[in-house]
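Here is the structure we will look at, set down as structure tokens.
Chain naming here is simple, since letters A, B, ... match the order of the sequence lines and numbering starts at 1 in each.
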Protein chains: 2
Amino acid sequence: MNIGQAADATGVSAKRIRYYEQVGLLKPAERSDAGYRVYEAGDLHTLHFIQRARRLGFSLPQVSELLALWHDQGRSSRNVKAVATRHVEELRSKIDELQSMVDTLTHLAKRCDGDDRPDCPILSDLQRSDS
Amino acid sequence: MNIGQAADATGVSAKRIRYYEQVGLLKPAERSDAGYRVYEAGDLHTLHFIQRARRLGFSLPQVSELLALWHDQGRSSRNVKAVATRHVEELRSKIDELQSMVDTLTHLAKRCDGDDRPDCPILSDLQRSDS
DNA sequence: CTTGACCTTCCCATAATGGGAAGGTCTACG
DNA sequence: CGTAGACCTTCCCATTATGGGAAGGTCAAG
């Protein structure tokens, strides 16, 4: 199976597959005589795993950790949970940050008439000299 | 006032000030005989504006729009509000995305014992063949 | 005049892709 | 057999907004 077929089968673009190999997330693929990368069922399994982890927002280094744990039969679920928990905390903190932006902006937008006149509390707030 | 003082006064690093000038967010600063950038009170005002807009999550192109509106005495608050509203929608959509990651992960983590045994629903989910 | 704290420009790195060029390969069809 | 078109390869560039750091000029104080 060539890279294009692996891409179609997993939803991971050929570009990404090559990149993952380059940064060490995937072991170098076998090559055909012509130098084409060749993939097996096991490789697709790994690509699916990476794809799902990425969809859950894990960074590539985190995905790398998860892959290592996945392959380690002697792992402790404690370690897996730790990676996930740390990530959830990062996500929550990012959400809080974005939410506070939303709160501020909706507050300001509510006070903005949004008509032809130039007066607007959004701009007034942005030009505030304090803070 | 030199760039370092402007940076101290506004909380915008000298690096960032130069970058903002480079990408056209700030008009090129006046220069001293020695080629040093020289800033006035009005420039600090603009830097403060940019700083606050960035803290609210606006991208540099969006900040650029806001600056243009700010400088435009004949603006309609409608246009300002539109920029803010569009941004809020982007933020909300990002929040939803992150929140659904959090939901999935907390659901999985709750079921993970987090002890010395290797079994873990987090990994089981990631290796799922479907989806 | 020297030292240290400034300033300048220029280049590199970040994260995780996508785009695209130049060139080799494979397959199917006439 | 030859060729077109769909693959594949590697390599380089671009994205976003910022920081780090080098090499070299400037300024103020002692």
Interatomic distance, B/Arg55 CZ vs D/dA17 P [rounded to whole Å]: 17 Å
Distance below 4.0 Å between B/Arg54 side-chain N/O and D/dT18 OP1 or OP2: yes
Lys/Arg N to Asp/Glu carboxylate O, A/Glu97 vs B/Arg55, below 4.0 Å: no
Length of the CG-P vector between B/Leu26 and D/dA17, whole Å: 14 Å
B/Tyr39 OH to C/dC6 P, straight-line distance once rounded to whole Å: 16 Å
Phosphate contact (D/dT16 OP1 or OP2) by B/Ser59 side-chain N/O below 4.0 Å: no
Given D/dT18, D/dC8, C/dA16, the nucleotide with the shortest approach to the side chain of A/Leu60: C/dA16
Side-chain-base donor-acceptor pair under 3.5 Å for A/Tyr19 and C/dG18: no
Between D/dA17 (C1') and B/Arg18 (CZ): distance, integer Å: 16 Å
Short side-chain to backbone donor-acceptor contact, B/Gln62 and B/Ser59, under 3.5 Å: yes
Separation of D/dC27 P from B/Asp33 CG (nearest whole Å): 8 Å
B/Arg31 side-chain N/O to D/dT26 phosphate OP1/OP2 under 4.0 Å: no
Residue mapping more 5' on DNA chain D - nearest nucleotide basis, B/Phe58 or B/Ala34: B/Phe58
Out of C/dT8, D/dT18, C/dC26, whichever nucleotide has its closest atom nearest the side chain of A/Tyr36: C/dC26
Separation of D/dA17 P from B/Ile50 CD1 (nearest whole Å): 12 Å
Parallel, tilted or perpendicular, as decided by the 30° and 60° cut-offs, for the rings of A/Phe58 and A/His87: tilted
C/dG18 phosphate, OP1 or OP2, under 4.0 Å from A/Ser13 side-chain N/O: yes
Sugar-phosphate only, base, or nothing, as touched by B/Arg37 at under 4.0 Å among non-hydrogen atoms: sugar-phosphate
Rounded distance (nearest 0.5 Å) linking atom CG of A/Leu25 with atom CZ of A/Phe49: 10.0 Å
Phosphate OP1/OP2 of D/dT18: any B/Tyr20 side-chain N/O under 4.0 Å: yes
Rounded distance (Å) that lies between atom P of C/dC11 and atom CD of B/Gln22: 12 Å
Rounded distance (Å) that lies between atom P of D/dA22 and atom NZ of B/Lys15: 11 Å
Ion pair A/Asp113/B/Arg78, N-O distance below 4.0 Å: no
